[in-house]
Amino acid sequence: MRRRLVASTALWLATSCRLIEPYRPPPPTEPEAEVPPPAYVAHNPLHRLNAIEFDNTVRDLLGTTLQPGRDFPPDSASGGFDNNAAALSITPTWFAAAVRAAEQVVDEALWVGSVYERAYLGEALVTEEGYPLGELWALSGEPLTLTIEVPEDGDYELAFVAGGVQTGDAVAPLLDVSIDGEVRFGDVAIEGTPAAPGRHLFWVTLTAGEHTVTLDPTNFQNWAPANRHNDVAIEEVVVRSGQAAYGPGYARVFHCDPDPVERPECATEVIVRFAQRAWRRPLAVEERAALLLLHDTVLRDGESPVDAVRLVIRHILASPKFLFRTPSLDPAWTDFELATRLSYFIWGTTPDDELLAKADAGDLSTLQGRRETVVAMLADPRSRALLDGFAEQWLGVRAMKQAAPSPELFPGFTDEVRSAMADEARSLFGDFLANGAPVDRLLDPGFSYLDDDLALHYGLPPVGSLDVQRTPVARDQRQGLLTLGSWLVAKSDAEHGSPIRRGRWVSENVLCVDIPPPPADLEIPEFEIGVGELTVREQLERHRDDVACAACHELLDVVGIGFEGFDASGAPVPGEVDDLGELPGGPTFEGAAGLTDIVDRRRFAQCVRKKLFTYAMGRIPDEVDKHWLDHAPIADSTLPDLILQITTSPLFHDPPEGGE
Amino acid sequence: MSTSRRRFLVSAAGAALALPALHYTREARASETPPRLLIYFMPNGRRPEWWVPSSEDGQLVFPEGLEALQPFANRAMSCIDLANYAPWNSPGAAHAMGTATILSGRSMVMPISELQNSTTIDQIIASHIGTQSRFGSLQWSAGEPGACDVANASCAYTQAVSWADYGAPLLPTINPAAAFDRLFGSSVDGLRGVAADRRRRSLRSLLDATLDDARRLERKVGVEDRQTLQAYFTSLRELERSLVDEGSCGIQPTAPEARLPYAERVAAFHELIRLAFQCDQTRVLSFMIEFGLSGRSHDFLGAPGTHHGLSHLPDEDAYDRLRIVEQWQNNQFAQLLTLLDETPGATDGASVLDETLVIGISSMGEGSQHRHGRNCPLLVSGSSLLQTNGQQQDFGATRPLTDLWVTLLEAYGIGGTYGPDGARFGEDGTTVIDGVIG
């Protein structure tokens, strides 16, 4: 069954635009027919986290403020979104960046240190009589005096790292530690050698301000003929406050003190708890054992208790079980896999403890439980991740941020306008996550999101706000998805809007008619819009004279011409504009408002659902998916309805009990 | 388990490298770049009976206990009794003066607590042949600081054979892990020293655990996912390599562990010398098996007592112990030659030794009398730079050691005058030694 479907998908891709169903007016009644159940359970492959997901995930796991994913090699988009499993491969460069990122975030978030610390080394240790020994400074009998400064009164750890040299029958080297001229620790024996220096620790109470610290060798010997020699070689002197400071994630990860003597079970608890969060499921017995073995190994090799746990956490974050969302490896983990998919879809991040607990309790297996969970997730502020991940890509926001309209022709397209345009698109979509309106009203919501900069750019009266705000608009005013500056700018050339690219955007993102690429052997003639004596329309018509091009360009150009009223910066073109567009199959429209009036609302809503599905699953819908997408009930669905339909469908996951 | 796997990798690589070096023809040498230079320094003088070969029918025969050098007899040149006049003309005329001047030929004046000396021969050669490699030259020592010499001599005089300039000793790196770090890595997790060594070991454990973890996952997923995981495994392997490999020319060097005992530290440095040359990290290197005036007690050889003390032969027993120490050091030199000879060089069919001039030299001749006039360096190379063809020359304690360095300048094609008063090198190097240049 599966194989046959794959074959027919390939066949479909190979067909020309001639086979694309022409635009038809909607049938009088909606065929809310029953949906035949799909004949297979979709295979959900290993699904690598993309950059945004990685950043969000380490933020939630560790409380880090770093966003290392921004510096990863970019994720390539497929099907319009950069979370497509098939496109998210692992490369050595990406993996190295991810491993380095794990080191950085663990370092930052689980840092433990002192509120004050200062090390004196290198040049700071140079004395008159001594000499350098690699990184160390051999005192050769002369005292080392340092001036230190501490910020406030309190207890400080004074440490010096040094190795003793002892040859022949010389006595072991000793030194006095003085503070402000007074010997505080007399005849300190030097532990370690220059190759493996020892750390010598003292606690001192200091007042705020400057103090002198003197390390004075007391029994230096150098009698060459008898090979009698000793010396003290100093690597560094460190002054550290006794008051501890912690990184932002320390408390949430270390819920207990991992000192193996005080609480031997603590490190185990911390590690297991973290691994379950990071791998988004319970641990298998052997996984747990392997983690604890690694912990024992690094602890035995001399890492500190905290470092040992931090190293195991780095291992957990480098594992394929973290970097990939994995298919359920154990039938008992099915609901955890589901929780993970829900979480990355709606929150763009890893499931939290509560969601994992729901998975554990089986709440996600029932229709009611899953519905309640999704509704709660949408109400959570984290659902804004749909704006970052879904809306920004669907509505061309990311591309618009990179677009370069000619500054000479469009001086009004300032950074402020660009930024407001991103907010305009995000806010419109965000509004529909909560406003209860059917999703097709995205085309004519009756409001728009504007600030003063964007209003000015659009030739509208100021709205009295420096941030975009919901502004009611009259029916004939600029509004809705088809007038968003984001995609209009993204689909423009530097000096002129691109009817071809805008036509394609509408076909693919509003109507969900995918346009195949031009034939392989096509020679594309020079073609520059808006230049020369011919009008844009005449140029485009010439474009379609070629039979090989016509089939697809009939779908593209005539739609795109309808948006000639917007220039390359998304602003309205003044004066008379020929913006008579045409949908495949005949109906014509004037401008964005005209298309809004005639577009098949049901088809648009289905298209939104299909886009959401593509994003939710991280795959381009196959034939079975499409069958469901085209036939599942859609009437009057809101954006949350669509999300509920997708997340409770058998395609998303095993059908919930009591499902439709 | 992880450690043994790694050892296996390393020894497998070693085995691959230990292919018998094919004979390197003179034709192949014709177009070669100048050979690398390695100075191998041994402290407290050398007694000739354990070090200097005899010459029988034009063939060098190494003394009993040093048979390990015999395979290199026809690639060696033995010098007998070259005179280093500089320490004689310096206050103390002892170990500091010998060690610091064997490669410079410049005497010192009081106060010798101040740094003097001048550019050593290896550094002049480095400025000519070392410019292509990552490091112009490197200085390492397995030694640990001990007593500094008489007359309040600067410790640098016993701790550096290579000097960049007047008053500029190139103090060697004494920790092999640090030397490795400089060659093939930087600090680990921002840590240095012992903490970095420990962390490096931890990271290896981590990568091994990650590999095991990925393998467990691989067994549980389907065919398509296994393909995805192959890219993961490839990435993991590359990362593993990159963690140890910076300019390591595709081999997998393993960082030496911290706190190695002395003998293992010597071996670790030998391995680093091999790697540094094989990967063209440097073309000029000096290695001090111990510092001048070494007070090391070689208990691990069953020869207790400070080396320096033994070298002055206080009693019969001392002679036997000194023999054990000097023979062990001489054999270390032989081991390094063997290692370099087993390592493929840059040219097809050549070994690293075929492309390197190795000079084994001590601070003086026989040590109990501080015989600076009887230094007996041994030159070994498979290259055609010098006539390292089994010849031996006896200089009768009258020919200055600096003439050997003048000969080296000539052989490397380096013009110019580096000594005062018309001396080509040092205070008394004026004349190329006959029959040495290849």
Side-chain angles (χ1 to χ4, degrees), chain A residues 43 45-46 48 89-96 99 103 107 129 131-135 138 140 165 167-168 170 193-197 222-229 231 233 235 284 286-287 290-291 293-294 297-298 301-303 307-308 311-312 314-315 318-321 323-324 326-327 329, chain B residues 2 94-96 113 144-150 152-156 159 171-175 178 189-190 192-194 198-199 201-203 205-207 209-210 212-214 216-218 220-222 224-225 228-229 231-232 234-239 242 258-259 265 293 295-296 306 308-309:
Chain A
H43 165 68
L46 286 178
R48 201 203 77 199
S89 58
I90 284 244
T91 65
T93 316
W94 190 91
F95 182 65
V99 168
E103 179 203 337
D107 234 37
E129 298 292 326
Y131 64 93
L133 195 62
E135 311 280 306
S140 304
V165 174
T167 316
T193 67
N222 185 36
W223 175 232
N227 293 290
R228 188 180 302 140
H229 171 75
D231 207 341
E235 185 171 299
E286 70 271 16
E287 287 174 333
L291 290 174
L293 176 68
L294 176 63
T297 303
V298 295
D301 281 348
E303 298 287 355
D307 276 346
L311 284 161
V312 175
R314 281 166 61 177
H315 158 68
S319 165
K321 295 163 189 169
L323 298 174
F324 291 101
T326 57
L329 304 173
Chain B
S2 61
H95 292 261
S113 57
E144 282 166 292
C148 302
D149 214 342
V150 291
N152 200 20
S154 164
C155 296
Q159 292 169 355
L171 289 163
T173 303
I174 60 171
N175 177 359
D189 285 6
R192 303 201 69 84
V194 179
R198 181 169 56 228
R199 182 55 51 84
R201 192 161 54 240
S202 296
L203 292 182
S205 302
L206 241 65
L207 282 179
T210 306
D212 290 346
D213 185 50
R216 272 195 297 274
L217 178 63
E218 188 188 25
K220 295 198 166 185
V221 298
E224 288 170 47
D225 286 340
T228 308
L229 279 180
Y232 180 89
T234 304
S235 302
L236 190 64
R237 274 192 299 273
E238 286 215 13
L239 181 73
S242 76
R259 297 166 189 265
R265 213 156 65 230
L293 195 69
R296 175 170 301 285
T306 68
H308 175 239

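Naming: A, B, ... by sequence-line order, numbering from 1 per chain.
Looking at Glu303(A), the atoms closer than 4.5 Å to chain B (heavy atoms on both sides) sit in the backbone and in the side chain alike. Looking at Leu323(A), the atoms closer than 4.5 Å to chain B (heavy atoms on both sides) all sit in the side chain, from C-beta outward. Neither the backbone nor the side chain of Asp231(A) has a heavy atom closer than 4.5 Å to any heavy atom of chain B. With a threshold of 4.5 angstrom between heavy atoms, Thr173(B) does not approach chain A through any atom at all. Interface remark: Ala156(B) contributes no atoms to any contact with chain A (heavy atom separation under 4.5 Å). Heavy-atom distances place the side chain of Gln159(B), and not its backbone, under 4.5 Å from chain A. Heavy atoms closer than 4.5 Å to chain A are found in both the backbone and the side chain of Arg199(B). For Leu311(A), the parts lying under 4.5 angstrom from a heavy atom of chain B are both the backbone and the side chain.
Heavy-atom pairs under 4.5 Å with chain A peak, among Thr306(B), Ile174(B), Asp213(B), at Asp213(B). When Val298(A), Val312(A), Leu294(A), Thr193(A) are compared by the number of non-hydrogen pairs under 4.5 Å with chain B, Leu294(A) comes out ahead.
Taking 4.5 Å as the limit, some side-chain heavy atom of Tyr131(A) sits within range of a side-chain heavy atom of Ser140(A). Between Thr228(B) and Pro45(A), the closest side-chain pair of non-hydrogen atoms is not below 4.5 Å. At least one side-chain heavy atom of Tyr232(B) sits less than 4.5 Å from a side-chain heavy atom of Thr210(B).
Asn227(A) CG to Arg296(B) CZ: the interatomic distance, rounded to the nearest 0.5 Å, is 13.0 Å. Distance check, rounded to the nearest 0.5 Å: CZ of Arg48(A) to OG1 of Thr326(A) gives 15.5 Å. Distance NE2/His315(A) to CG/Leu206(B): 6.5 Å, rounded to 0.5 Å. A distance of 12.5 Å separates CG in Leu229(B) from CD in Glu224(B), rounded to the nearest 0.5 Å.
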